[in-house]
Each structure stands twice: as structure tokens, then as C-alpha cells.
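Structure, as C-alpha cells:
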Amino acid sequence: IDIGLAFTLFSVASIPAAIVWGFATDHFNVRKPMIIASYLGVALLLILFFFARTTYEVTLLYIAFSFISSASVTPLNLLIMEMQQKSCWAIAFARLSMMLSMGTTLGLFLSVVWVDLFPLRFLVLPLAILTVSSAMLSSILIKEPAFLFERRMLLLHRASFHERLKALPLIFLKIPGTSDFKKAFRGIRNELTRELPLLYLSIFAFYISGGIFNTSLAPALYVSNFPESQVFLVILMGMVVQSISFVFSGKYVEKRSLIGASLVGLVLRSICYAIIGISVLLLAGAWLLLSTLIFYPMAAGIAYAMYYTASNTMVFNTIGEKSHGSSLGVYSAIVGIASALGSFISGFVSFYLGYHITFILAALLLAFSAFLTSMLKVSATTDRRLQGYHGCQR
């Protein structure tokens, strides 16, 4: 339950963080100081984690980590657009995505090796050193661009939109009000106007499912007597497969309908979650590890990459230029609330009913998301094909 509450508060904190840092980016019109400050803040928090002794101290630091770490996301993405020609943006964002994936993968690999040699609590020390190194490199290598863009520029190009949401799936150009939610969902009863409400509801179910499953995965493995290195290994394999899957997901979705690709991702992820739930109930030891190493990377890698690419393209295609501020505000609020709600539910369900019920519940929510997605009509708005990017000379 404590872990569930920590994840819940982490997700809740990410909502005001996205609002505060987004508006700060537009107001102060600087990139380098925000990136450096975010990295130094993260390094400080990592060091403080070393001295934390209670669950409450760790939770408070986790909340602060959620808030501080998100400060660098938007400035980094804007720098790509401000320092590259428009024809090169897609390739530049692909490189940024590759570097982020490589960094995360190497960090998880370090974790796998480290916890076999040293206590887990010491892991934050090399991570803090690496983060300070990032701040130092940023101070040396980053230069403020001659021309600055507003955040809304991230919404006008698919590659920038995808990369920004991948790093932090919350974008608030304005704080959504009650009227914005009513506007987004008022057409749900009409077959001709229910496309956007159904899309948002399916995404809501998806992120609740993710919050439920991801919150309880590591505790479930730990309670099943997996050593810490094997817990990190499972997460590492998921990240490796996800990174590879994102390389090919665009081409896969390009050849299929967006709705069809979304359904494939949702169904595959639901099946994997259910199998992991059954495995936690029936298997133990090496067999449980093998099952998790097979089906978790499929869910977190292949299935997630397909659904993410297709669903976010549908969101991109349905946001109009005149209303993208309110539409994205509603979308971001839905994602943030769903993630927090999923984590909150996860802790209590795991404690009172067991981890296998938690994972099967997550699978059922994905099946419900797939059902809502199947109700979407294949239209020029929601099912526009992905377009290729051309014109950038290496």
C-alpha cells in the first residue's frame, strides 16, 4: 500500500510539474539554465535518497524527484527544433530518442551489476555522479539558440510531438477547466461526434492499467524471492525490447490503419499481463523468471511501442490548431489522473487480493480499452497514415 501511495503521489506531482515548468519555459525564454538546474536538483535528490531511512522520507524524495526531473524535458525538445533545420527535425528527434534509450538501458545494466556487488542503497551514488556529469556537460556544450520557439511549436510537427509525449506524457498550454472537459465529452452519445471522447476514454483505461501493473511489478518479483539483480534484469529487458521496437513501430503503423495497430498493441499487452498474473499465481523460481522475461518485454516493448505510436498519432491528428491548448490540457489531465488512480488502486488490490489479481485486473482494463478503440470509426481524421520525413541531408 505504501508503494502504491508513493507511485500515486509521484504521478500527482507530475501534473503541476508539467504546468509549472511549461509556463516557466515560455516566460523565462532560457534553455541552458533550466536543464542544468534540473540535473543538479536530481543529483541532490539522489544523494538524499542515500540518507533516507523511512518509507515516508523516500516518498517525499520521490515526489520531489517527479517535480524536479521534468524541468529539463521541454527545453531539451525545443533545443532540437531551435538548433536544427526544419527538414532535419525528424532525424534529430530520432537521435535524441536513441540517446535517451541508450542512457536508460545502460543505467539499468549498471543497476543489474551493482546490486550483485554492493547494497542497493549505494546505487544512488554513481547515479548522482553521472547526473552531475550531465550538468557539467550541459554547461559546456549547450549554447542558447539565437531564435527561441514557444512550446506550441512542439505540437505542429509529429516527431517533436511524439518525442515530447514519450519523455513526459503531459503538455499543458493552458490549464483545462470544466468547460473544456464538457466540450471534449459532450458528443459521446452521438455516433457522429463520439470519436474524440471514445479515444480519450480508451487512453484513460490504458493508463489506469499501466499504473496498476507497473506499480506492483517490482514488489511482486521481490516478494517472489527474486534477488534485486533479477528484478532489475526484468526491467532492463523490457527497456531493451522497447527501444528496438520503437525503431520499427513507425514503419509497422505506417502500413496499417492506426486503429488496427492500436488494437494489436492493446490485445498483445493484455494477453501478456494476464499470463504474468497467472504465472505469479502458479509458478515460482526459474519458471516464473523465465515467464516474466518473455512476456514483460513483449508488453512493455513491442505492444507498448505499437500502441504508443498509433494512439499518439491519432491524438496528433485530432487536435485542431484553434483548440489544441484545451484539447491537450484535457488529454494531459486524463493521462495524469489515470496513472495516479492506477497506482492508488494497485497498492490496495495487491495487498488485499494478491499480485495475480492486480495483473489480471490490468489485463481486463486493457481489454476494455481495446473494446473502446474498436468502436472508433476509420476516418480521415483519426486514421490518417503516418507520413515519411524527407529533405535532411546528413
Polar contact flag, side-chain donor to acceptor under 3.5 angstrom, [X]-[Y]:
X	Y	answer
T215	S343	yes
S262	S311	no
S138	K32	no
H356	S279	no

Do the side chains of [X] and [Y] join up, straight or via other hydrophobic residues, at under 4.5 Å, putting them in one cluster?
X	Y	value
L40	V42	no
V30	I36	no
L290	V234	yes
L137	Y39	no
L236	M102	no

Looking at [X], I'd like to know if its [atom1] atom is crowded, meaning that more than 12 non-hydrogen atoms belonging to other residues, nucleotides or ligands lie closer than 6.0 Å.
X	atom1	result
F368	CZ	no
L108	CG	yes
E144	CD	yes
M98	CE	yes

- prompt: Hey, does the Lys NZ or Arg CZ of R121 hover above the aromatic six-ring of F50, less than 6.0 Å from the centre and inside 45° of the axis?
  reply: yes
- request: Mark yes or no: K166 above the aromatic ring of F246, with NZ or CZ under 6.0 Å from the six-membered ring centre and no more than 45 degrees from the axis.
  value: yes
- request: Quick one: do L79 and I35 satisfy side-chain contact (heavy atoms from CB on, under 4.5 Å)? Show the steps, please.
  value: CA-CA 11 Å; L79 274 175; I35 295 171; 3.6 Å; yes
To the nearest 0.5 Å, how far apart are [atom1] in [X] and [atom2] in [Y]?
X	Y	atom1	atom2	value
N77	S160	CG	OG	7.5 Å
I357	I212	CD1	CD1	12.0 Å
L60	T55	CG	OG1	11.0 Å
L266	S374	CG	OG	10.0 Å
L221	T292	CG	OG1	5.5 Å
Y296	N214	OH	CG	5.5 Å

Give a yes or no on whether the backbone of [Y] and the side-chain of [X] come within a donor-acceptor separation of less than 3.5 Å.
X	Y	result
T131	A43	no
Q84	M81	no
S139	M136	yes
S97	F93	no
S209	L365	no
R269	A299	yes
E163	A94	no
S332	L170	no
E228	D116	no
Q230	F226	no

Centroid separation under 6.0 Å, is that true for the rings of [Y] and [X]?
X	Y	answer
Y273	F359	no
F109	F232	no
F348	F344	yes

Ignoring hydrogens, what is the shortest heavy-atom contact between [X] and [Y]? Give both atom names and the distance.
X	Y	answer
T373	S202	OG1-CB, 3.5 Å
G329	F172	O-CE2, 3.5 Å
F181	P176	CE1-CB, 3.9 Å
A363	A274	CB-N, 3.7 Å
L268	M298	CD1-CE, 3.7 Å
H162	T309	CE1-O, 3.5 Å

Name the atoms and distances for all side-chain donor-acceptor pairs under 3.5 Å in residues 12-28, with sequence neighbours left out.
| residue | atom | partner | partner atom | Å |
| --- | --- | --- | --- | --- |
| S14 | OG | S11 | O | 2.5 |
| W21 | NE1 | F67 | O | 2.7 |
| T25 | OG1 | W21 | O | 2.7 |
| D26 | OD1 | R151 | N | 3.3 |
| D26 | OD2 | R151 | NE | 3.0 |
| D26 | OD2 | R151 | NH2 | 3.3 |

message: Using the side-chain contact (heavy atoms from CB on, under 4.5 Å) definition, which of the options L263, T313, L376 pairs with L258?
response: T313
task: Evaluate the side-chain contact (heavy atoms from CB on, under 4.5 Å) criterion for residues L165 and Y331: first the C-alpha distance (whole Å), next the side-chain angles of each, then the deciding distance (0.1 Å), finally the verdict.
output: CA-CA 11 Å; L165 286 184; Y331 167 82; 4.1 Å; yes
Working for side-chain contact (heavy atoms from CB on, under 4.5 Å), residues T358 and I345: CA-CA 9 Å; T358 303; I345 293 171; over 6 Å; no
message: With heavy-atom distances below 4.5 Å as the criterion, would you say the side chains of M239 and S101 are in contact?
response: yes
message: Within the 4.5 Å heavy-atom criterion, are Y207 and I337 side-chain neighbours or not?
response: no
task: Using the ring-ring contact (aromatic ring centres under 6.0 Å, His included) rule, pick out the option among Y200, Y308, Y307 that qualifies with F206.
output: Y307
task: Take F161 and L154, measure what side-chain contact (heavy atoms from CB on, under 4.5 Å) needs, and give me the verdict at the end.
output: CA-CA 5 Å; F161 182 79; L154 293 170; over 6 Å; no
